[in-house]
There are 2 protein chains.
Amino acid sequence: MIEYSRQPHYLVAVDCIVFGFDGEHLKILLVKRGLEPEINKWSLMGGFVGPDESPDDAANRVLKKMTGLEGVYLEQMQIYGEPHRDPIERTLSVGYFALIDIHKYEAQLNDDYEAEWFLINERPKLIFDHNQMVIDARKKLRYKAALHPILFEMLPKKFTIPQLHILFEEVNDTKIDTRNFSRKITSTGLLIKLAEKDRTGSKKGAFYFKLDKKKYAANAQAFLNLVPNLKV
Amino acid sequence: MIEYSRQPHYLVAVDCIVFGFDGEHLKILLVKRGLEPEINKWSLMGGFVGPDESPDDAANRVLKKMTGLEGVYLEQMQIYGEPHRDPIERTLSVGYFALIDIHKYEAQLNDDYEAEWFLINERPKLIFDHNQMVIDARKKLRYKAALHPILFEMLPKKFTIPQLHILFEEVNDTKIDTRNFSRKITSTGLLIKLAEKDRTGSKKGAFYFKLDKKKYAANAQAFLNLVPNLKV
DNA sequence: TTATTAATTGTCGTTTTGACAATTAATAAT
DNA sequence: ATTATTAATTGTCAAAACGACAATTAATAA
């Protein structure tokens with residue numbers, strides 16, 4: 001029987017930075033950690049990779065368990081593997097960022113876990129290197145969203161261009177001209193205009209749009225350039 | 001004493017896709033695997049992550065050991081963690097891609113390891129999921145190189161624009177107009193023109209350029225658009 | 001001296017960008 | 001009913017970038 005003799009073995013975990021958008025600001029979903037050490041401190045949603053699952057599987061499982069949501073947008077970020085990042089025992093963690101519709105979540109909230117949304121800029125102190133993970137995730141989200149149409153994942157099925165606009169500004173931490181923005185976003189051909197209007201935000205009301213799912217699937221990899229003068 | 005009871009532990013490895021450029025084609029550096037299983041089969045350069053190093057450290061160590069090179073351009077790609085990807089024992093591997101100056105390597109070749117350059121399109125069958133890693137690395141290289149000035153890492157300190165041009169075409173698997181290319185690449189301000197010419201390739205000769213290292217360091221994150229009509 | 005070859009610079013119409021103005025569709029105030 | 005107000009949407013336009021293609025240049029070989 002062949003074996004890799006004497007090589008050290010480690011724990012492998014996943015941690016998810018879950019982004020949501022409340023209509024005004026970017027938020028992240030945090031949970032109170034349920035095990036020692038640092039029990040009851042705020043942390044990212046995470047868990048160990050089980051023997052019969054890949055890290056991707058594990059991240060999906062953790063998200064399902066803690067939010068009730070399936071099939072969410074999930075992207076592998078990077079591995080966090082400093083030898084002593086976990087004080088108890090060496091644990092390498094694969095960082096993921098997830099984009100979810102914040103309203104969908106609230107409907108399915110599972111109270112087994114003490115979870116809470118925080119404004120990205122007003123988050124509490126996090127355990128271990130989780131704060132760095134959030135910083136990295138925010139950076140990667142910005143980068144990716146500037147080039148690929150992924151922010152839709154944080155909006156309801158029906159959304160307005162002003163909503164999208166605020167979300168883009170929020171993610172990129174910059175002002176974008178509304179007039180140029182709507183022209184650009186509609187010219188992508190990814191949006192289908194609906195007859196209905198959203199009148200909650202203004203007198204005139206803004207038309208609802210929905211994603212052209214076929215084109216979105218085909219163009220999820222396509223390059224856009226929705227943020228002018230982008231600095232990454 | 002706190003501990004994470006009964007969680008499974010795994011081996012963690014790194015594997016490096018080492019890219020080089022011989023002046024005409026993109027190549028990758030492969031080694032004959034030195035341990036069972038699959039001993040003597042071609043594989044990527046890799047090794048297990050030691051107890052006192054991060055995966056990044058491990059990748060650098062492996063590269064140093066097998067090529068003699070230090071400080072090479074190295075970028076974390078993704079984790080490969082299917083439960084049975086290694087038939088002997090569960091091993092998760094962090095994939096990296098590296099860009100090196102192929103000539104620098106040849107000078108320092110370490111014969112302890114049977115290593116060989118292969119044309120990217122004529123590589124042998126590789127062990128485990130290493131072929132998929134190469135495919136992923138190629139894709140990521142293309143993506144990254146379209147937006148960031150990283151291909152310089154594969155050229156000598158002094159290089160000509162025609163050399164750069166061929167490299168860009170090779171990486172992106174497309175034809176790029178020489179005239180538009182040289183205008184674009186010089187307009188980045190990243191290149192410093194030298195007095196000397198390379199006369200090996202043509203009668204007229206092509207001027208050598210070198211990188212403006214200050215600007216390169218500042219602009220390594222900057223967006224370029226060197227490949228027209230890019231499809232990723 | 002001339003032909004040849006590859007590098008380099010130039011031209012120009014089209015498209016994209018982004019700053020900014022004008023119009024429109026609704027509601028609230030008079 | 002009319003007017004003011006507000007936010008959404010459509011328009012305008014000059015500057016920049018893009019990309020197809022031509023012309024020039026610097027060398028060597030014939």
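All values reported here derive from a predicted model rather than from experimental measurement. So that the names make sense, note that chain A is the first sequence line, chain B the second, and so on, each numbered from 1.
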Spacing of Lys184(B) atom NZ relative to dA17(D) atom P, expressed in whole Å = 11 Å
Identified ring pair (Phe, Tyr, Trp, His ring centres under 6.0 Å) counterpart of Phe152(A) within the set Phe21(A), Phe168(A), Phe159(A) | Phe159(A)
Member of Lys104(B), Lys65(B), Lys64(B) meeting the salt bridge (charged side-chain N to carboxylate O under 4.0 Å, His left out) criterion with Glu70(B) | Lys64(B)
Note: contacts of residues 195-209 of chain A with DNA chain C (heavy atom, under 4.0 Å) are Lys197(A), Arg199(A), Lys203(A), Lys204(A)
For DNA chain D, just give me the dot-bracket, please: Watson-Crick or G-U, both distances below 3.5 Å, ( ) intra-strand, [ ] crossing earlier pairs, | paired with another strand, . unpaired.
-> ||||||||||||||||||||||||||||||
Interatomic distance where NZ belongs to Lys193(A) and C1' belongs to dA8(D) [whole Å] = 10 Å
Starting from C1' on dT8(C), measure out to CG on Asp177(B) and report it in whole angstrom.
-> 12 Å
Return the value, rounded to whole Å, for the distance between atom CZ of Arg183(A) and atom C1' of dT16(C).
-> 10 Å
What integer distance in Å separates Ile161(B):CD1 from dT9(C):C1'?
-> 12 Å
Do Glu170(B) side-chain atoms and His25(B) backbone N/O form a donor-acceptor pair below 3.5 Å?
-> no
Looking at Phe207(A), is Lys197(A) sitting on its ring face, NZ or CZ under 6.0 Å from the six-membered ring centre and within 45 degrees of the normal?
-> yes
What integer distance in Å separates Arg179(B):CZ from dG19(D):C1'?
-> 10 Å
Taking it one step at a time, do His148(B) and Tyr73(B) satisfy ring pair (Phe, Tyr, Trp, His ring centres under 6.0 Å)?
-> CA-CA 13 Å; His148(B) 304 275; Tyr73(B) 181 92; 9.8 Å; no
Atom CG of Asn180(A) and atom P of dT12(D): how far apart are they, to the nearest Å?
-> 15 Å
Check the angle between the aromatic planes of Tyr105(B) and Trp117(B) and answer parallel, tilted or perpendicular using the 30° and 60° thresholds.
-> perpendicular
Hey, what do you get for CZ (Arg138(B)) to CD1 (Ile17(B)), rounding to the nearest 0.5 Å?
-> 12.5 Å
In whole angstrom, what separates Phe181(B)'s CZ from dA20(D)'s P?
-> 15 Å
Do you know which two heavy atoms are closest between Gly46(B) and Met66(B), and how far apart they sit?
-> O-CE, 4.0 Å
Will you find, in the side chains of Thr160(B) and Asp198(B), an N or O donor that is under 3.5 Å from an N or O acceptor?
-> no
